[in-house]
J.: 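First the structure, which I've put down as structure tokens, then a few questions once you've had a look.
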Amino acid sequence: MKIATFNINGIKARFEALQAWLREAEPDVALLQEIKSVDEAFPRELFEDMGYRVETHGQKSFNGVAILSRLPLEDVARGLPGDDRDEQARWIEATVIGDRAVRVCGLYLPNGNPVPGPKYDYKLAWMERMRLRALDLLAGEEPVVMAGDYNIIPQDMDAAKPEAWREDALARPESRAAFRRILNLGFTEAFRTRVPEAGHYSFWDYQAGAWQRNNGIRIDHLLLSPQAADLLREVGIDKEIRGREKPSDHVPVWIDLDA
DNA sequence: ATGGTCGTTCCACGA
């Protein structure tokens with residue numbers, strides 16, 4: 001079961017590039033972030049015609065997450081529990097029925113800038129809510145994959161210029177600690193556990209020729225429950241996508257599970 | 001050393 005996460009930065013601007021990547025990469029499951037679309041405006045037929053089931057959790061203009069799956073989905077749930085007043089569309093879950101059933105969570109974690117401020121407070125509060133949801137999911141003792149745009153640079157080795165991110169919400173010690181609190185529950189960060197070297201990124205800013213200078217950061221992650229980590233076969237980042245016409249500023253990150 | 005770019009929606013904001 002190949003599962004990918006991809007922040008597409010707007011479905012209207014990206015559907016052609018997304019279709020091209022799906023045809024080549026052939027993921028069984030694609031967890032999308034920043035669809036920037038309400039559910040009714042998402043061009044679901046384009047993907048259904050390619051054999052994908054489509055589940056969206058959108059909102060107008062900003063945020064929005066989706067699941068594309070060519071395997072059956074069960075028990076779709078929308079929204080991160082823990083705050084009924086939170087109207088931002090950043091979390092979607094479903095159970096994918098492959099050789100094994102895998103619970104997948106697609107997430108778009110708040111950016112949190114500027115620091116300090118209400119957006120940073122929201123980020124940290126959101127991460128605590130995510131930690132509680134992760135704890136619940138672990139109790140099921142089943143394969144769980146939580147994947148998406150975490151807006152977290154886990155370590156300095158995950159940035160080409162770590163000093164440039166020192167005061168940024170993506171790299172602040174409190175942000176990194178909140179990320180580790182989730183990992184420390186017993187999750188495995190799939191890419192880092194298989195690739196120990198620095199210099200692998202998933203995002204390059206549109207500005208200042210970041211791509212051309214390889215000034216990137218690694219902020220898109222897949223976290224595996226112990227039962228999912230047992231099934232891990234392979235990891236990858238589809239870096240070359242970033243060099244194409246009309247790219248997202250993120251590229252797909254994926255895993256292959258024996259499931 | 002600095003500024004720089006997109007996407008969506010509407011003429012600004014978020015990243």
J.: Can you see whether A:N63 engages A:Q88 through a side-chain donor-acceptor pair at a distance of less than 3.5 angstrom?
T.: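 There is such a pair (donor and acceptor under 3.5 Å, judged by atom type) between the side chains of A:N63 and A:Q88.
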
J.: Identify, between A:A210 and A:E34, the residue whose nearest nucleotide on DNA chain B lies closer to the 5' end.
T.: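 Nearer the 5' end of the strand: A:A210.
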
J.: Work out how far the C1' atom of B:dC11 is from that of B:dG7, and round it to whole angstrom.
T.: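 One C1' to the other, the span is 15 Å.
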
J.: Checking side-chain hydrogen bond (donor to acceptor under 3.5 Å, both in side chains) between A:Q33 and each of A:N151, A:T5, A:N9, which is the one that passes?
T.: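 That would be A:T5; it is the only one of A:N151, A:T5, A:N9 passing the side-chain hydrogen bond (donor to acceptor under 3.5 Å, both in side chains) with A:Q33.
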
J.: Round to the nearest Å and state the distance from A:K36 atom NZ to B:dG14 atom P.
T.: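 These atoms are roughly 11 Å apart.
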
J.: Report yes if at least one side-chain N or O of A:K12 is closer than 4.0 Å to OP1 or OP2 of B:dT9; otherwise report no.
T.: yes

J.: Starting from P on B:dA15, measure out to CD1 on A:I217 and report it in whole angstrom.
T.: 13 Å

J.: Separation of A:Q33 atom CD from B:dA15 atom P, in whole Å?
T.: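 Taking CD of A:Q33 and P of B:dA15, I get 14 Å after rounding.
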
J.: May I ask you to check whether A:F42 and A:F47 place their ring centers less than 6.0 Å from one another?
T.: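 Here the rings of A:F47 and A:F42 have centres that are less than 6.0 Å from each other.
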
J.: Is the distance from the ring center of A:H221 to that of A:F191 below 6.0 Å?
T.: no

J.: For the pair A:E128 and A:W126, evaluate side chain to side chain donor-acceptor pair (under 3.5 Å) and give the outcome as yes or no after the intermediate values.
T.: CA-CA 5 Å; A:E128 174 59 13; A:W126 199 97; over 6 Å; no

J.: What is the separation between atom NE2 on A:H250 and atom C1' on B:dT5, rounded to the nearest whole Å?
T.: 13 Å

J.: Think A:K246 has a side-chain N or O under 4.0 angstrom from the OP1 or OP2 of B:dC6?
T.: no

J.: Taking only the C1' atom of each, what is the distance from B:dG14 to B:dT9 in whole angstrom?
T.: 12 Å

J.: I need the CG-P distance between A:D249 and B:dG7, as an integer number of Å.
T.: 9 Å

J.: Could you tell me how far apart A:D220 (CG) and B:dA15 (P) are, to the nearest whole angstrom?
T.: 15 Å

J.: Taking atom C1' of B:dG7 as reference, at what distance in whole Å does atom CD1 of A:I11 sit?
T.: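 In whole Å, B:dG7 C1' lies 13 Å from A:I11 CD1.
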
J.: Write down the distance between CZ (A:F62) and P (B:dC6), rounded to a whole number of angstrom.
T.: 19 Å

J.: Name the nucleic acid region contacted by A:F203, choosing base, sugar-phosphate or nothing; use a 4.0 angstrom heavy-atom cut-off, strictly under.
T.: nothing

J.: From the options B:dA15, B:dT9, B:dT5, select the nucleotide whose nearest atom is closest to the side chain of A:K60.
T.: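 Given the options B:dA15, B:dT9, B:dT5, the side chain of A:K60 is closest to B:dT9.
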
J.: Just compare B:dA15, B:dC6, B:dT9 and give me whichever is closest to any side-chain atom of A:R90.
T.: B:dA15

J.: With DNA chain B as reference, determine whether A:I35 or A:P110 sits nearer its 5' end, using the nearest nucleotide of each.
T.: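 It is A:I35, whose closest nucleotide lies nearer the 5' terminus.
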
